[in-house]
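As structure tokens, the structure follows; a few thoughts come after it.
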Amino acid sequence: MNRPMRNPVCACDDPARTAALISVETAFARLGEAVRPLRDYEELRLTDASGRVLAAPVTARAALPPFDNAAMDGYALRAADLAGDGPWNLPVGARIAAGQWPEGPSGGAARIFTGAPLPAWADTVVMQEDVTRRDGGITLPERPPCGSHVRRAGEIAAQGTELAAAGQRLGPRQIASIAAAGHSTVRVSRRPRAALVITGDEIRSPDDPRDAAGIWDVNGPLLQTALNASGAEVSVHHAPDDRAATRSLLAGLAEEVDLIVTTGGISVGEEDHVRPAMDALGTRMAFAGVAIKPGKPVCSGQLGKAHWLGLPGNPVAAFVTWQLFGRHMMNRLQGIDKNTKLTERARCAHPLQHRAGRAEYRLACIDRTAGPGAITVICPDSRSSGHITWLAQADGLICLPAPTGDIPAGTELAFLPFGPPD
């Protein structure tokens, strides 16, 4: 898959140009300073909060569990009543099901079912399989350990214990924990309002006629889906290849949204209108150009109250830079501290060619035929890494560090798996 080859040196890898770019780490730091959580929040029913981000911690309204209860179907008893040598015969004086408070005589044994409150006088539950039933009672051939099969009040969490932290995206597991804490509503961050701007007169929707010079829109569906998955409310716009029209569109959107995401138009060509329009509008730039491949022209800044992320027009480059910077900005807006830095590790299954100077983020597929141990990944060769078909196959991004040259097979590298949003 990774055939030996050597790419010609392109101008974008000229050391003089690369030296003027900032590192990925510096870009992350600048986004951390520039992008702050939205202050707005809303109360939602717990069942409507999936995918939203907690704006306030959730604590247990009562101890979990709220009372001592049986962990098994069986018989509740007091271990000290089993004096001397067995077997022991005990009368059964009560029957306690889940949802019933214990009643009946103290002592002896009580028939009890999973989740039912333990009688105040009992301290042990013996499983029904471990006793012999007889008329009005049971026989125990062996002494059970005191406290067996009993869930104690508060053993999961005491009243007031924090069970879900602010800044956590809610899924089924988190919602289950909040429900167990006794809450039917949660306070969540407002969904960020985002505008996605697609540039290029050649871009066509698959529903529209396409002439010989037109291409179907990939970035629109790609990034609208990514924004939705990250928690945004998204509107989609098309900017013509006209500087004044682009400037007018961006100025209007900056009054309406929290985040503007553009694709294309951020390089230095005569038909690149987004970056000049942003400059003319007085955008406060966080960065303009990062030492990465693909996606070197990626930009970010702030226009009024709206943050801006300028992505390249190539779909793979747009996706890679969104994964690195767009998800990070969305996390920051929603109060999620977690960022998208590559923290997992994976070994490359084959040699990788790399020219030192820029960190390269290569699409990677997990090699599921590899043996146990560290994750092993397969990457396309550098000629294929920009092909859109690799996006559907890839499991994540692997990072080839900026200072390194060619990378031998088996080298352990930073890996960012694609998965559900944070």
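Note that these values count all heavy atoms, side chains included, but never hydrogens, waters or copies made by symmetry.
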Distance-only, no hydrogens or angles: does the [X] side chain make a donor-acceptor pair with backbone N or O of [Y] under 3.5 Å?
X	Y	answer
Arg95	Arg111	no
Arg362	Pro380	yes
Ser177	Gln174	no
Gln334	Met330	yes
Arg143	Leu82	yes
Arg30	Ala286	yes
Arg169	Gly51	yes

Please tabulate, one pair per line, all N/O donor-acceptor pairs under 3.5 Å involving side-chain atoms of residues 300-313, not counting sequence neighbours.
from   : atom 1 : to     : atom 2 : distance (Å)
Ser300 : OG     : Trp308 : O      : 2.9
Gln302 : NE2    : Gly304 : O      : 3.3
Trp308 : NE1    : Thr262 : OG1    : 3.0

Thr321 versus Ile292: any side-chain heavy-atom pair under 4.5 Å? yes
Taking all atoms of both residues into account, what is the closest heavy-atom pair of [X] and [Y], and its distance?
X	Y	value
Gly265	Asp272	CA-OD1, 3.4 Å
Gly167	Ile336	O-CG1, 3.4 Å
Ala239	Val197	CB-CG1, 3.7 Å

Within 45° of the six-membered ring axis of Tyr41 and under 6.0 Å from that ring's centre, is NZ or CZ of Arg190 located there? no
Go through the steps to decide whether Arg204 and Asp211 satisfy the test salt bridge (charged side-chain N to carboxylate O under 4.0 Å, His left out), and finish with yes or no. CA-CA 9 Å; Arg204 297 287 185 274; Asp211 58 26; 3.6 Å; yes
Would you list the pairs meeting ring-ring contact (aromatic ring centres under 6.0 Å, His included) in which at least one residue belongs to residues 191-241, sequence neighbours left out? none
Is it the case that more than 12 heavy atoms not belonging to Glu255 sit under 6.0 Å from its CD atom? no
If we ignore angles and hydrogens, is there a donor and acceptor under 3.5 Å between the side chains of Ser205 and Asp217? no
Before we go on, tell me: are the rings of Phe415 and Tyr361 under 6.0 Å apart, centre to centre? no
Check: Phe325 ring centre within less than 6.0 Å of Phe287 ring centre: yes
Please determine whether salt bridge (charged side-chain N to carboxylate O under 4.0 Å, His left out) holds for the pair Asp258 and Arg191, giving the CA-CA distance in whole Å, both sets of side-chain angles, and the decisive distance to 0.1 Å. CA-CA 10 Å; Asp258 306 299; Arg191 294 182 67 187; over 6 Å; no
Run Asp123 and Val150 through side chain to side chain contact (heavy atoms under 4.5 Å, CB included) and show every step you take. CA-CA 8 Å; Asp123 57 17; Val150 174; over 6 Å; no
Can you list every pair that meets salt bridge (charged side-chain N to carboxylate O under 4.0 Å, His left out) and has a residue in residues 228-252, with sequence neighbours left out? none
Could you measure the distance from the CG atom of Leu352 to the CD1 atom of Ile407? Nearest 0.5 Å is fine. 5.5 Å
Got a salt bridge between [X] and [Y], using NZ or NE/NH1/NH2 to carboxylate O under 4.0 Å?
X	Y	result
Arg355	Glu360	no
Arg152	Asp68	yes
Asp48	Arg45	no

Residues in side-chain hydrogen bond (donor to acceptor under 3.5 Å, both in side chains) contact with Ser248, at least two apart in sequence or another chain: none
By side-chain hydrogen bond (donor to acceptor under 3.5 Å, both in side chains), Asn228 pairs with (sequence neighbours left out) none
Check side-chain contact (heavy atoms from CB on, under 4.5 Å) between Glu142 and all other residues, then give those that pass, not counting sequence neighbours. none
